[in-house]
Amino acid sequence: MSFSLLLLIVATLVYLTGAAIAFRTAFREGPRALWCLFGAALAYMAFNIDFIASHEAIAEEWFHNLVRLGGAVLLTAATIGARGLMLSMRETEARHERTEEELQKNLKVLSFHFENTPLAVLEWDSDFRIARWSPQAEEVFGWSAAEVIGKHPSEFPFVHEEDADKVNGIMEGLLNGQQKRNLSSNRNRTKSGDVVHCVWYNSALLDEDGRLLSIFSLIQEVTARRMAERELGEARETLERRVEERTAALEKEIAERKRALEALALSEHTFRQSLQHAPIGIALLAPDGRWLEVNDAVCRLFGYTREDLMSRTFQDITHPEDLENDLENVKQVLDGTISTYQMEKRYIHRDGHIVWARLSVSLARSSDGEPLHFISHIEDIGESKASEEQRLAAARDLERSHADLEKRNREITLFKEMGDQLQVCLSVSEASEVIRHYGTAILPRLSGSLYLLSASKTTLESVCRWGPVEPGEPMFHPEDCWALRRSKDHHVVPGTAALRCRHSRADPRLEEFCVSLNAQGQSLGLLHVYAESAPDQEPLIGEERTRTLNSLAEHVALVFANLRLREILHNQSVRDPLTGMFNRRYLEESLERELRSAERHKRAVTLIMLDIDHFKKFNDDYGHAAGDAVLRVVGAKLRQLVRREDIPCRYGGEEFVLILPEAKLSDGLVRAEDIRDAIGSLSVDHEGQALRALTVSIGVAATPEHGFDMNVLMRAADKALYKAKHEGRNRVVVAPQPDSGVQLPAS
């Protein structure tokens, strides 16, 4: 048997196996699949026949063996089998993908409902431990999911101790399979210990064999409802008690009214006889204000006939400004709060002029206490009222003028005193204290805050405040204030539509006023005053106080402008412009002062002198601009490392000196090492280029070891610095003591 025949037999066995699988799959899929497989087999045959025809030697032997073994049928069957297997695998994969997508979709829907249901949701596993804890459960009970997942309710105070047995019995029924679901109401505790009332909807999830998989609980907090039910019960008891009390009172009132009616009937005739002849106006009015009876004096006083008055009420002829007060008195008489009242009020005469009268009113009641009518005595006081008004107006004008004059004189005096003290202030803190002291006196009943604009003009910071009312933000941006944004005073009165600044407390009771501090053509800060007020109250900040506030703002702005200018000039004289550190002149003045104080009070002073290693090479390699950048970075780091009482100075070139008051030599050595390490870890970039690492050499000298003479101390530190550079740089060396000539240990 030739090799090609053996190969054909092996291939045929493979094809027969594939064909069997293919036909089995094809019969399951239907006629369409059979036709597809048959077409694929023919295509495959065509390809093989074409290939064999191009190789003559192979073709002869292949066709010979194909006839002997029925090769065409076997080839077709094998091709169909392969195609069927492929289709079956693809269909199985497609079903798997659809099933996976449906599972993910259902899981997403379930998670959405779990996260967003308004009820708290818990899931317990078969061991009655918490498996899931929804965000709503966190909100109701206070514990986060991370704190409770995997815990049994006995492991944290979740169930109210008085309801523990009840809850255990309910949940036991679910755990042992006696119940599939139940509804219960009990108390729980929150993480903070508060008691909340909850309604629980519990259901058990079982597998196909009836074994418990988990318990699902939906919880609704009903604390507010339970409290409302309790309050409703208490209110019902109170209402019943009050009804009983009111019934007794009504019975008593009915008896009294009967007695009053009898007395009224007895006196009515006498009253009517005397009514018409009285020298002052007398009238009877119904409880709703209708005129029931008037005498001639009333008609003469108001200019109406009796018939005209009978068709009106007293409200119709009462001046609108007095009507509310009169009606309030009537209400109190009807309520029994008062028995009578007197008032001076204005009426409107028939011809339109004002009639001033003194009104005295009492109420006649029936025997059972019901209001019958008002008895009003009306006396004309027009002449005396006119004289009194003239006298009072003159007195008010005089008093107001006197008060305004005294207030103005007092303000002038206070402004002069404040100005005298502000002129001698040397710092912003001193000036702020003066303004705080006088702010209370100049602006009584008002609280205030003074803000200064930073040098970068990006923030305002409070420098002083006065008054009992809490201030707003201590620091804010200029755009948070309407006065600064509009360059105009901003006044907010409670009950109006004015917008409040974002830096205020946003308290609707506050009346606020913001005025910008402007001097020499620039804004320096803000004066913010405020006081508690009410919508129906007269504003505390009127036209006069507005003038006072603007005057105060002008004084304060000018003072701070002068202080800022003085500070700028002083800084220019004592500061190094490149690094912002103190210059050599300030170094010498400060060191001399600190040494005298240290010698007088027996205190130590440490002097640290440092030099940037190979600084000339920085300039040579990167240029002088890069060298300046290095100096600025080192200067900034030194200012960051020193204490508030320390004095950092640029001595000259790449040398720096630090004065450490009240620091011993040992403390100075530690500080020097910290500085050396900190500068060694700096990275400097210049114009996008990273410069090489920095190192410094440091010399340290201190009192009393090296004396209290400034020049001696400076030379000692300089020698120690030279020694540090000579010994290899990037190190700290202590100056030798002048009395022994012995070098102290270097760090």
Side-chain angles (χ1 to χ4, degrees), residues 574 576 579 581-615 631 634-635 637-681 694-747:
V574 301
D576 171 52
T579 62
M581 304 177 73
F582 293 113
N583 57 22
R584 183 166 182 168
R585 171 188 169 189
Y586 189 82
L587 164 67
E588 294 173 350
E589 294 176 355
S590 300
L591 182 57
E592 183 69 27
R593 181 183 65 251
E594 293 296 334
L595 289 175
R596 286 198 302 269
S597 176
E599 185 175 16
R600 185 167 57 253
H601 298 288
K602 306 299 182 182
R603 291 197 297 257
V605 175
T606 295
L607 191 69
I608 295 177
M609 183 176 292
L610 61 95
D611 183 277
I612 301 175
D613 295 332
H614 304 295
F615 183 73
L631 292 175
V634 172
K637 192 63 177 179
L638 290 175
R639 291 200 309 273
Q640 177 185 349
L641 294 173
V642 297
R643 303 170 300 175
R644 179 176 297 180
E645 60 268 26
D646 296 341
I647 304 173
C649 307
R650 184 184 178 191
Y651 190 56
E654 68 274 22
E655 289 186 336
F656 299 87
V657 174
L658 305 180
I659 303 174
L660 311 181
E662 299 188 20
K664 298 179 181 179
L665 180 60
S666 58
D667 297 330
L669 282 172
V670 174
R671 297 285 300 283
E673 279 293 350
D674 292 341
I675 291 171
R676 185 181 68 83
D677 291 340
I679 294 178
S681 63
L694 299 174
T695 61
V696 292
S697 299
I698 301 177
V700 182
T703 63
E705 288 85 352
H706 303 96
F708 291 90
D709 183 86
M710 180 183 71
N711 294 325
V712 172
L713 192 65
M714 289 287 291
R715 284 197 299 270
D718 187 56
K719 288 180 180 179
L721 173 61
Y722 177 80
K723 182 174 178 58
K725 297 177 76 68
H726 182 70
E727 291 180 352
R729 296 183 173 84
N730 190 22
R731 65 193 60 221
V732 177
V733 173
V734 177
Q737 297 187 29
D739 55 348
S740 64
V742 178
Q743 171 70 52
L744 292 177
S747 172

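Worth knowing before you read on, the calculation uses all heavy atoms, side chains too, and leaves out hydrogens, waters and symmetry mates. This is a predicted model, so every value here is computed, not measured.
Side-chain contact check for Asp718 versus Met609: some heavy-atom pair is nearer than 4.5 Å. Here the side chains of Leu658 and Leu607 are not in contact, with every heavy-atom distance at 4.5 Å or above.
Between the Thr579 side chain and the Leu631 main chain, no donor and acceptor come within less than 3.5 Å of each other. Not a single donor-acceptor pair under 3.5 Å links the side chain of Ser597 to the backbone N or O of Arg593.
No more than 12 heavy atoms of other residues, nucleotides or ligands shown are found within 6.0 angstrom of NE2 on His726. More than 12 heavy atoms of other residues, nucleotides or ligands sit less than 6.0 Å from atom NZ of Lys725. Counting non-hydrogen atoms of neighbouring residues, nucleotides and ligands closer than 6.0 angstrom, the OH atom of Tyr722 reaches no more than 12 such neighbours.
Here the closest non-hydrogen pair linking Asn711 and Asp709 is N-OD2, 3.1 Å. Taking every heavy atom of both residues into account, Val642 and Pro648 meet most closely at CG2-CG, 4.2 Å. The minimum heavy-atom distance linking Phe708 with Arg603 is given by the pair CE2-O, 4.1 Å. Of all non-hydrogen atoms in Ala717 and Ala735, the two that sit nearest each other are N-CB, 4.3 Å.
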**Message:** Assess the residue pair Glu727 and Val733 against the criterion (side chain to side chain contact (heavy atoms under 4.5 Å, CB included)); give the C-alpha distance rounded to whole Å, side-chain angles, the decisive distance to 0.1 Å, and a yes or no.
**Reply:** CA-CA 10 Å; Glu727 291 180 352; Val733 173; 4.1 Å; yes

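Between Asp674 and Arg671 there is no salt bridge, since no side-chain N of the basic residue sits under 4.0 Å from a carboxylate O of the acidic one. In summary, Asp611 and Arg729 do not engage in a salt bridge, as defined by a charged side-chain N under 4.0 Å from a carboxylate O.
Scanning for side chain to side chain donor-acceptor pair (under 3.5 Å) contacts around Thr695 gives Asp613, with sequence neighbours left out.
Side-chain contact check for Arg650 and Asn583: no donor-acceptor pair (N or O, by modelled atom type) lies under 3.5 Å.
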